[in-house]
Amino acid sequence: MKTRKLLASLALAAFGLTTAQAQGVPVYLDDTKPIEERVKDALSRMTLEEKVAMTHAQSKFSSAGVPRLGIPEIWMSDGPHGVRAEINWNNWAHAGWTNDSCTAFPALTCLAATWNPEMSLLYGKMVGEEARYREKDILLGPGVNIYRTPMNGRNFEYMGEDPYLASVMVVPYVKGLQSNGVAACVKHYALNNQERWRGHIDVNLSDRALREIYLPAFRAAAVEGGAWSFMSSYNKFRGEYVSNNKMLLRDILKDEWNWDGVVVTDWGACHETYGSAMAGLDIEMGTGTNGLTSEAEFTYDDYYFGKMYRQQLKEGKIPMSVLDEQASRILRLIFRTAMNRQKPFGAFTNQEHYDACRQIAGEGIVLLKNEGNLLPIDPSKYGKILVVGENATKCLTEGGGSSELKVKREISPLEGLKAVYGDKITYAQGYQSGRFMYNRIDPVPQEVMDKLHDEAIEKAKEADLIIFVGGLNKNWLQDSESGDRVQYDLPFGQNKLIGDLTATGKQMVLVLLSGNAVELPWVKQVPAIVEAWYIGSEAGEAIADVLSGKVNPSGKLPFTFPVKLTDNGAHAFDALSYPGDSIREEYKEDILVGYRWHDTKKIAPQFAFGHGLSYTTFKYGNPVLSTNTITNDGTITLTVDVTNTGSREGKEVVQLYIGDDKCSVLRPQKELKHFEKIALNAGETKTVTFTITPQDLQFYDGGWKTEPGKFTAYVGSSSRDIRGKIGFTLK
């Protein structure tokens, strides 16, 4: 069992002193002193061996403290959507605890789809309370890798395709989490945009794409959010593993951004001693494993930051100053977390957390289509409602890799719908996906699939309304760590099943549970479509809230749904662009990621970035500028009136995009620069105000630059639903 819980207070108690009375006690124990003073004092008392021991794992999810000085170890846990079940000290098996069943919060795609920083702050605070209660010092998340391709198996853990949206949403998450004295570990820094060959693929891209698309959310987490730790990714960047990439770890993260946190490797992502130490890596975790299941037979002292590190330090190959910086950063983290006596106690699986799950999920669910106002479902119109689909009952908090959760409760969509519509609900599974398995598939016999399909069709003939609950799941090669998707369309025979269900002539609502876009060949035949993500413990209640109209949907897509896969920029070139040739990969679409590609290349999406309908309607007035010119040291104010023209209250996300009308370099047709989510009663009008700064007009070309000329501001309800535009000039 962990002993760190009482170490700091016992060390003081041994002197018979409270913190405030700690005269003569080592400064590092006195939490009334500034942290930097405590770090310097503790470092001066440590031996080389003690410093080195802090830089690598001592178990699967902990790194060493300094027992001689009463400095506790660091305890870490997956993941960003909930605190993972306890793992054994030295293998990947569950420890079998009976008190580690957590709350499953919605996946981060759902959080991003709220477009609401207040929801992000609430999310971070709630998941941080659960991590604090479980005595974790670092929670391994959130993830802000950019959604480059819908084939990435881990997109459900991230915050979408746009760097500005991800930047705005990650900052309050980090602040809310760390208010509990638990460090965020922002991941996976950087360019881990696919799971296929993630352990060695060498990513190459322009400096512009790196700076404009892939780094802004990490910078926001570090500079604005004050994240206390980052996780280095598995992949290579320009020929070097990220764990020993000086440009990313030292030059940008630590020096340029003036960041004082700790860089922790992804599990098994360290590959050498000298290069990693000199590049700025601080803690090495998981060496000898694939980060998920495999093991190697050697001790923790055999890590690259173990005996090999001590030897190179003693021989002078690595300066002692490098080790001292590492140890100082780790001590700073410990004083912020494990030895922070001001942090709250935390809480676990309480009603407040379940309520937060339901609220966040309700704001993140996206109404994609609603022909004929089929939704919300009025029970008086239907005698029999048939729910079809395995995802209506499948436990979707399991699987997916390190994001798997052991939950105290998970309300399924079927349970949630039965609670609202009662005996009107019947169920047919329709298809089967097999068990959750790492790195292999559990095939389902075709005769089983045929039987489930036929049963669903027969029941549909007797129903008045069909609710299909399908999509992806967290099986391998679906939305899961360690492997990318292998097909853009829906798996497990769902497309045929959906087609045959629509052929019955019955009205149908389709609920997608996924963390990725999917191909929708039947989109014209299905009148109502909802993207409901993976939304955790309160999934059933949140989905029922939206389908019944208790909650008016206000989510907006954080990424684009292409009609076909080759409409996506990463897939518009040869295999070297995606997935690479197994060694190298070139981001050939450059800065034109997501809607930037669709807009600039004039490729219509199936559903646009920022798209999401409501059960009410909103009218936009004409945008107005405070002036039609801006200088490099000035600002412009843009205002627009938005009116709820429907019959019920609702929330709208007002989005501001800016386009550079003429530039010396390629620029997207427009880019998201600001947004605001507003709540309006029926008939109510609000004025939304945005401040446009010169930074909103910049591009990267060896540095951040603006060029004088004409720009256009676009105000809309999505990247394609532009309600007004107005021009201005930069002088």
Side-chain angles (χ1 to χ4, degrees), residues 112-122 162 164-165 168-169 172 359-360 362-376 530 545-546 548-558 595 607-628 630 635-659 670-693 696 711-728:
T114 70
W115 290 60
N116 188 343
E118 292 181 5
M119 291 297 97
S120 189
L121 181 66
L122 175 66
D162 184 75
Y164 179 75
L165 174 63
V168 170
M169 295 301 290
Q359 182 181 4
I360 294 164
E363 282 217 22
I365 291 174
V366 181
L367 179 59
L368 297 176
K369 183 180 178 183
N370 193 22
E371 286 185 358
N373 293 323
L374 179 58
L375 292 174
V530 173
D545 285 344
V546 169
S548 68
K550 181 178 181 180
V551 168
N552 191 349
S554 62
K556 300 280 188 174
L557 287 178
Y595 70 91
F607 294 113
F609 171 80
H611 170 72
L613 303 177
S614 171
Y615 295 150
T616 189
T617 53
F618 301 98
K619 181 181 178 181
Y620 286 59
N622 294 324
V624 177
L625 290 172
S626 58
T627 177
N628 60 2
I630 183 174
T635 62
I636 290 179
T637 299
L638 183 149
T639 57
V640 61
D641 290 342
V642 181
T643 303
N644 182 345
T645 54
S647 59
R648 62 170 295 175
E649 80 294 336
K651 294 180 180 179
E652 170 69 334
V653 179
V654 184
Q655 303 164 38
L656 173 64
Y657 299 82
I658 295 179
K670 62 181 181 294
E671 300 175 278
L672 181 71
K673 293 300 179 182
H674 297 283
F675 65 86
E676 185 175 343
K677 192 166 195 175
I678 57 173
L680 294 169
N681 293 320
E684 184 180 8
T685 298
K686 286 185 178 178
T687 300
V688 177
T689 302
F690 298 116
T691 299
I692 300 172
T693 70
D696 295 328
F711 292 80
T712 300
Y714 303 84
V715 178
S717 185
S718 80
S719 61
R720 286 281 168 142
D721 184 7
I722 300 301
R723 305 292 182 92
K725 60 183 180 179
I726 189 169
F728 63 94

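These values consider heavy atoms only, across backbone and side chains, with no hydrogens, waters or symmetry-generated copies.
Atoms OG1 and CD, from T114 and Q359 in turn, are 10.0 Å apart once rounded to the nearest 0.5 Å. To the nearest 0.5 Å, atom CZ of residue R648 and atom OG1 of residue T616 are 8.0 Å apart. With values rounded to the nearest 0.5 angstrom, K619 atom NZ is found 9.0 Å from T685 atom OG1.
Among all heavy-atom pairs drawn from G650 and N552, the shortest one is CA-ND2, 3.6 Å. In this structure, S647 and A682 approach most closely via the heavy-atom pair C-CB, 3.7 Å. Between V551 and G362, the shortest heavy-atom distance links the atoms CG1-O, 3.9 Å. The two residues Y615 and V546 have their closest heavy-atom pair at OH-O, 2.7 Å. Residues I365 and P553 come closest through the heavy atom pair O-CB, 4.2 Å.
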Derivation of the side chain to side chain donor-acceptor pair (under 3.5 Å) call for T617 and T645
CA-CA 5 Å; T617 53; T645 54; 2.7 Å; yes
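Of the possible polar contacts, one joining the H674 side chain to the T691 backbone as a donor-acceptor pair under 3.5 Å is found. Between the side chain of N644 and the main chain of G683, no donor-acceptor pair closer than 3.5 Å is present. For R720 (side chain) and F607 (main-chain N/O), no donor-acceptor pair under 3.5 Å exists by modelled atom type. At distances below 3.5 Å, at least one donor-acceptor pair connects side-chain atoms of Y164 with backbone N or O atoms of K673.
Counting heavy atoms from C-beta outward, P117 and P172 have side chains that approach closer than 4.5 Å. At a threshold of 4.5 Å between non-hydrogen side-chain atoms, the residues T639 and F690 do not count as touching. The shortest side-chain heavy-atom distance between V715 and V654 falls under the 4.5 Å cut-off. For the pair L672 and L656, the minimum side-chain heavy-atom distance is 4.5 Å or more. A 4.5 Å side-chain heavy-atom check between L680 and F618 finds at least one atom pair inside the cut-off. Residues V624 and V640 fail the side-chain proximity criterion, which asks for heavy atoms closer than 4.5 Å. Using a 4.5 Å heavy-atom cutoff, the side chains of V653 and E676 are not in contact.
Here T689 pairs with nothing under the side chain to side chain donor-acceptor pair (under 3.5 Å) rule; sequence neighbours left out. Residues passing the salt bridge (charged side-chain N to carboxylate O under 4.0 Å, His left out) test with K686, sequence neighbours excluded: none. Every side-chain contact (heavy atoms from CB on, under 4.5 Å) that E118 has, sequence neighbours left out, goes to N116. Every residue meeting the side-chain contact (heavy atoms from CB on, under 4.5 Å) condition with N681, not counting sequence neighbours, appears here in chain and number order: E649, E684. For D641, the salt bridge (charged side-chain N to carboxylate O under 4.0 Å, His left out) criterion is met by no residue, not counting sequence neighbours. For L625, the side-chain contact (heavy atoms from CB on, under 4.5 Å) partners two or more places apart in sequence, or in a different chain, are I636, L638, I692, I726, F728. T627 meets the side chain to side chain donor-acceptor pair (under 3.5 Å) test with no other residue; sequence neighbours excluded. S717 pairs by the side-chain contact (heavy atoms from CB on, under 4.5 Å) definition with K556, Y620, E652, D721, R723, not counting sequence neighbours. By the side chain to side chain donor-acceptor pair (under 3.5 Å) test, S718 pairs with no residue at all, sequence neighbours left out. When the salt bridge (charged side-chain N to carboxylate O under 4.0 Å, His left out) test is applied to E363, the partners found at least two apart in sequence or on another chain are K651, K677. The ring-ring contact (aromatic ring centres under 6.0 Å, His included) search around F609 returns W115, Y595, not counting sequence neighbours. Remark: D545 pairs with R358 by the salt bridge (charged side-chain N to carboxylate O under 4.0 Å, His left out) rule, at least two apart or across chains.
A cation-pi geometry, defined here as NZ or CZ lying under 6.0 Å from the six-membered ring centre and within 45° of its normal, does not hold between K725 and Y714.
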